[in-house]
Protein chains: 2
Amino acid sequence: VPNDELLHTTVNELMIPADKVAHVQVGNPLEHALLVLVKTGYSAVPVLDAAFKLKGTISKAAIIEQTLGIEQFEFNKLSEMCVNTVMKTEIPILHRDDSFEKALKYVIDNPFVCVADEEGSFDGILTRRAILKQLNRYLHT
Amino acid sequence: VPNDELLHTTVNELMIPADKVAHVQVGNPLEHALLVLVKTGYSAVPVLDAAFKLKGTISKAAIIEQTLGIEQFEFNKLSEMCVNTVMKTEIPILHRDDSFEKALKYVIDNPFVCVADEEGSFDGILTRRAILKQLNRYLHT
Ligand SMILES: Nc1ncnc2c1ncn2[C@@H]1O[C@@H]2COP(=O)(O)O[C@H]3[C@@H](O)[C@H](n4cnc5c(N)ncnc54)O[C@@H]3COP(=O)(O)O[C@H]2[C@H]1O
Ligand SMILES: Nc1ncnc2c1ncn2[C@@H]1O[C@@H]2COP(=O)(O)O[C@H]3[C@@H](O)[C@H](n4cnc5c(N)ncnc54)O[C@@H]3COP(=O)(O)O[C@H]2[C@H]1O
């Protein structure tokens with residue numbers, strides 16, 4: 001059954017490992033977080049604490065939204081606020097041994113999903129691109 | 001052959017039609033474009049001209065990058081520059097009757113792909129989410 005191969009792929013084989021993932025620290029001011037996002041070119045990245053535990057994700061969108069004042073953008077606010085007040089903490093999480101099928105379900109609504117172990121230590125991320133490349137490979141064999 | 005159904009789906013069946021796609025006009029100042037992106041919540045949208053022809057795409061990332069000065073972010077620049085100087089014009093384009101397979105290839109490297117007709121009139125967009133939902137449907141039948 002051709003589907004078997006695809007369905008037996010695990011998150012571990014498709015994820016980007018932690019050491020290759022750009023991230024920000026939970027205590028950083030928003031201005032620093034925005035700089036990291038602009039320099040790495042990513043629209044959103046994981047947020048970790050000093051012990052490398054996963055705390056949430058933060059996006060350019062969420063940061064810019066903070067600057068939306070009544071009349072115009074108020075960018076000075078960025079140096080006054082921290083990542084922890086703006087980050088998203090309710091995020092889906094995958095484990096290394098989760099199936100392709102579970103990963104696919106999660107990326108339908110999320111450009112990327114964080115991978116962590118049972119202690120909450122950050123392992124990496126699973127991206128839509130990885131799922132799409134795997135699908136493309138599978139359709140061409 | 002189960003793959004047949006998937007491969008016979010066309011862009012037309014999966015795309016978001018033009019009237020449901022947020023966009024900006026080629027002559028808008030960057031400050032206006034950023035406001036549209038922040039209010040609609042999208043990280044990037046198509047750029048059209050007054051005749052509804054597709055001109056390119058513009059992202060929050062590209063706009064924010066313009067504000068990156070030597071020492072800090074210089075947001076006043078946003079009212080001084082227009083969409084046409086910052087938009088991406090080298091973009092992949094799909095046609096309504098293109099195959100699922102061609103669409104899949106394009107979304108591997110692009111979160112969304114613009115759909116246009118031979119005259120360059122904007123028809124809609126094909127998103128990664130649409131491809132992933134179709135894959136999920138196919139794996140569950
Ligand atoms: N430096 C680069 N080189 C080549 N292509 C690039 C790129 N930056 C972005 N892209 C392309 O643009 C897509 C959307 O990137 P975005 O930053 O919005 O959204 C990204 C970003 O939020 C996050 N992400 C991906 N790789 C990351 C990394 N190494 N570190 C941190 N976050 C990452 O996962 C989301 C989905 O990534 P995905 O690969 O599916 O999809 C990526 C990829 O196809
Ligand atoms: N208002 C909303 N409601 C529900 N979910 C939302 C949402 N806004 C964003 N998302 C989710 O976040 C993903 C990334 O959105 P993003 O704005 O970065 O990237 C989007 C955006 O740049 C563009 N896009 C999608 N729908 C659009 C629309 N109606 N008008 C203009 N651009 C659109 O296509 C990209 C990929 O979209 P995709 O659907 O694959 O993936 C979307 C979707 O899964």
Side-chain angles (χ1 to χ4, degrees), chain A residues 1-7 9 30-32 34-35 37-44 59-69 71-79 99-112 127-141, chain B residues 1-7 9 30-32 34-35 37-44 59-69 71-79 99-112 127-141:
Chain A
V1 180
N3 277 357
D4 261 12
E5 294 251 354
L6 194 67
L7 300 178
T9 311
L30 289 192
E31 191 168 24
H32 175 83
L34 185 60
L35 202 61
L37 289 167
V38 173
K39 298 220 159 177
T40 57
Y42 296 117
S43 62
S59 66
K60 260 181 203 126
I63 297 174
I64 304 299
E65 244 170 88
Q66 289 307 316
T67 67
L68 207 51
E71 296 247 332
Q72 60 199 356
F73 288 105
E74 296 167 3
F75 293 102
N76 40 301
K77 282 192 181 169
L78 298 184
S79 45
S99 65
F100 177 89
E101 205 173 349
K102 183 172 184 186
L104 172 59
K105 245 185 214 58
Y106 282 20
V107 299
I108 281 173
D109 289 315
N110 300 277
F112 73 98
T127 64
R128 278 176 170 175
R129 187 168 188 275
I131 295 282
L132 291 163
K133 279 187 79 172
Q134 185 71 352
L135 166 58
N136 191 46
R137 223 171 277 142
Y138 159 74
L139 285 181
H140 289 102
T141 50
Chain B
V1 180
N3 278 357
D4 261 14
E5 295 252 354
L6 194 67
L7 299 179
T9 312
L30 289 193
E31 192 168 25
H32 175 82
L34 185 61
L35 203 62
L37 289 168
V38 173
K39 299 220 159 178
T40 56
Y42 296 117
S43 61
S59 67
K60 259 180 204 128
I63 297 174
I64 305 299
E65 245 170 88
Q66 289 306 315
T67 68
L68 207 51
E71 296 247 332
Q72 59 199 0
F73 288 106
E74 296 166 6
F75 292 101
N76 40 303
K77 283 191 181 169
L78 298 184
S79 45
S99 66
F100 176 89
E101 206 172 349
K102 182 172 184 186
L104 171 59
K105 245 184 212 60
Y106 282 20
V107 299
I108 280 173
D109 289 314
N110 301 278
F112 73 98
T127 63
R128 277 176 171 174
R129 186 169 189 273
I131 294 282
L132 292 163
K133 280 186 80 172
Q134 185 70 353
L135 166 59
N136 192 46
R137 223 172 277 143
Y138 158 73
L139 285 182
H140 289 103
T141 49

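Sequence lines set the chain letters: A, B, ... in the order given, protein chains first and strands last, and positions in each chain run from 1.
- Distance CG/A:L34 to OG1/B:T67: 7.0 Å, rounded to 0.5 Å.
- Interface remark: A:L37 contributes no atoms to any contact with chain B (heavy atom separation under 4.5 Å).
- For the atom pair CG (B:L139) and CG (A:L135), the distance works out to 8.0 Å, reported to the nearest 0.5 Å.
- With a 4.5 Å cut-off on non-hydrogen atoms, B:L35 touches chain A through its backbone and its side chain both.
- Using a 4.5 Å cut-off between heavy atoms, A:I108 contacts chain B through both its backbone and its side chain.
- In this structure, A:K39 NZ and B:E65 CD are separated by 10.5 Å, a value rounded to the nearest 0.5 Å.
- Most heavy-atom pairs under 4.5 Å with chain A: of the set B:L104, B:I64, B:L78, this distinction falls to B:L104.
- For the set B:R129, B:E31, B:K105, the count of heavy-atom pairs under 4.5 angstrom toward chain A peaks at B:R129.
- Between the CG atom of B:L132 and the CD1 atom of A:I131 there is a distance of 7.5 Å, given to the nearest 0.5 Å.
- Put simply, CZ on B:R128 and CZ on A:R128 are 7.0 Å apart, with the number rounded to the nearest 0.5 Å.
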